[in-house]
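Below is one structure, written out as structure tokens, with a few remarks after it.
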Amino acid sequence: MRQASALYQQTGLAGRVESADPHQLIALLLDGAIERIAQARGHLRRGDVAAKGAAVTKAVAIVGELRVSLDHKAGGEVAQRLDSLYDYVTRRLLFAQLNNDEGALAECMDLLDSVRKGWNGIRDSYLANRAGNAA
């Protein structure tokens, strides 16, 4: 049953990625990073060191993808601040991994959740700008 659930989730995610616009792809990455950090916290509480490490590794990789997706030319200061934030989150995730620090994991979740809320908040203006450029 667990394998069927995992397959369903992978298929569902693949469908969302295939049909996503660039804005939605970033939202999916933010969701994925937050989800992996939440999983790491759960594994930490249960003492599952290997699973915690795998979840943190995935979160770090996702944050790395967020970081390389930044357009510093178009994004200016906002892109620079996000780059610094993603660097900080990566360092805190690695600290949490090495020190079994649930507080550091919670901090990373909170920081990425703030970015996610802001990102989701600009969805309408993104769509309006996209529609304006298409016309």
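Please read these numbers as outputs of a predicted model, since none were measured by experiment. Position 1 is the first residue of the sequence, and the numbers go up from there.
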Practice prompt. Using modelled atom types only, decide if a donor and an acceptor are shared between the side chain of K52 and the backbone of G47 within a distance under 3.5 Å.
Written response: no
Worksheet item: Within the distance-only criterion (no hydrogens, no angle test), does the side chain of D87 pair as donor or acceptor with the backbone N or O of D83 below 3.5 angstrom?
Response: no
Discussion item. Please check: side-chain N/O of D71 versus main-chain N/O of K73, any donor-acceptor pairing under 3.5 Å?
Written reply: yes
Discussion item. Would you say Y88 ends up clustered with L112 if hydrophobic residues are merged whenever their side chains have heavy atoms under 4.5 Å apart, either directly or through other cluster members?
Written reply: yes
Practice prompt. Could you pull out the closest heavy-atom pair between I37 and L105, with the gap in Å?
Written response: CG2-O, 3.3 Å
Worksheet item: SG of C108 to OH of Y86: how many Å apart, nearest 0.5 Å?
Response: 12.5 Å
Worksheet, complete the sentence: Rounded to the nearest 0.5 angstrom, the CZ-CG distance for R36 and D31 is 10.0 Å
Worksheet item: Only one of V60, L111, L66 clears side-chain contact (heavy atoms from CB on, under 4.5 Å) with V89; which?
Response: L111
Discussion item. Going by salt bridge (charged side-chain N to carboxylate O under 4.0 Å, His left out), name the residues that satisfy it together with R92, two or more places apart in sequence or in a different chain.
Written reply: E107
Worksheet item: Is there a side-chain contact between D110 and D113 (heavy atoms, below 4.5 Å)?
Response: no
Item to complete: Determine whether I34 and F95 fall in the same hydrophobic cluster, where Ile, Leu, Val, Met, Phe, Trp and Tyr are linked whenever their side-chain heavy atoms lie under 4.5 Å apart.
Response: no
Fill in: Heavy-atom pair with the smallest gap, counting every atom of A27 and W119
N-NE1, 3.7 Å
Worksheet item: Atom CD in Q24, atom CG in D21: separation rounded to 0.5 Å?
Response: 4.0 Å
Worksheet, complete the sentence: Taken to the nearest 0.5 Å, the spacing of Q97 CD from T57 OG1 works out to 6.0 Å
Fill in: Reported CG-to-CG distance for the pair N99 and L44, which is rounded to 0.5 angstrom
11.0 Å
Practice prompt. Check whether any side-chain N or O of R67 sits under 3.5 Å from a backbone N or O of V63 as a donor-acceptor pair, and report yes or no.
Written response: no
Discussion item. Quick check on the hydrophobic clustering: are L85 and V78 connected, directly or via other members, by side-chain heavy-atom contacts under 4.5 Å?
Written reply: yes
Practice prompt. Mind listing the closest non-hydrogen atom pair of L70 and A79 along with its distance?
Written response: CD1-O, 3.5 Å
Fill in: I122 with L29, same ILVMFWY side-chain cluster at under 4.5 Å
yes
Fill in: Heavy-atom pair of closest approach, residues A96 and A104
CB-CB, 3.7 Å
Worksheet entry | Check against side-chain contact (heavy atoms from CB on, under 4.5 Å), R41 and M109 | CA-CA 10 Å; R41 290 179 73 184; M109 281 182 68; 3.6 Å; yes
Worksheet item: Say you draw a straight line from CD of E35 to CG of L28; how long is it, rounded to the nearest 0.5 Å?
Response: 11.0 Å
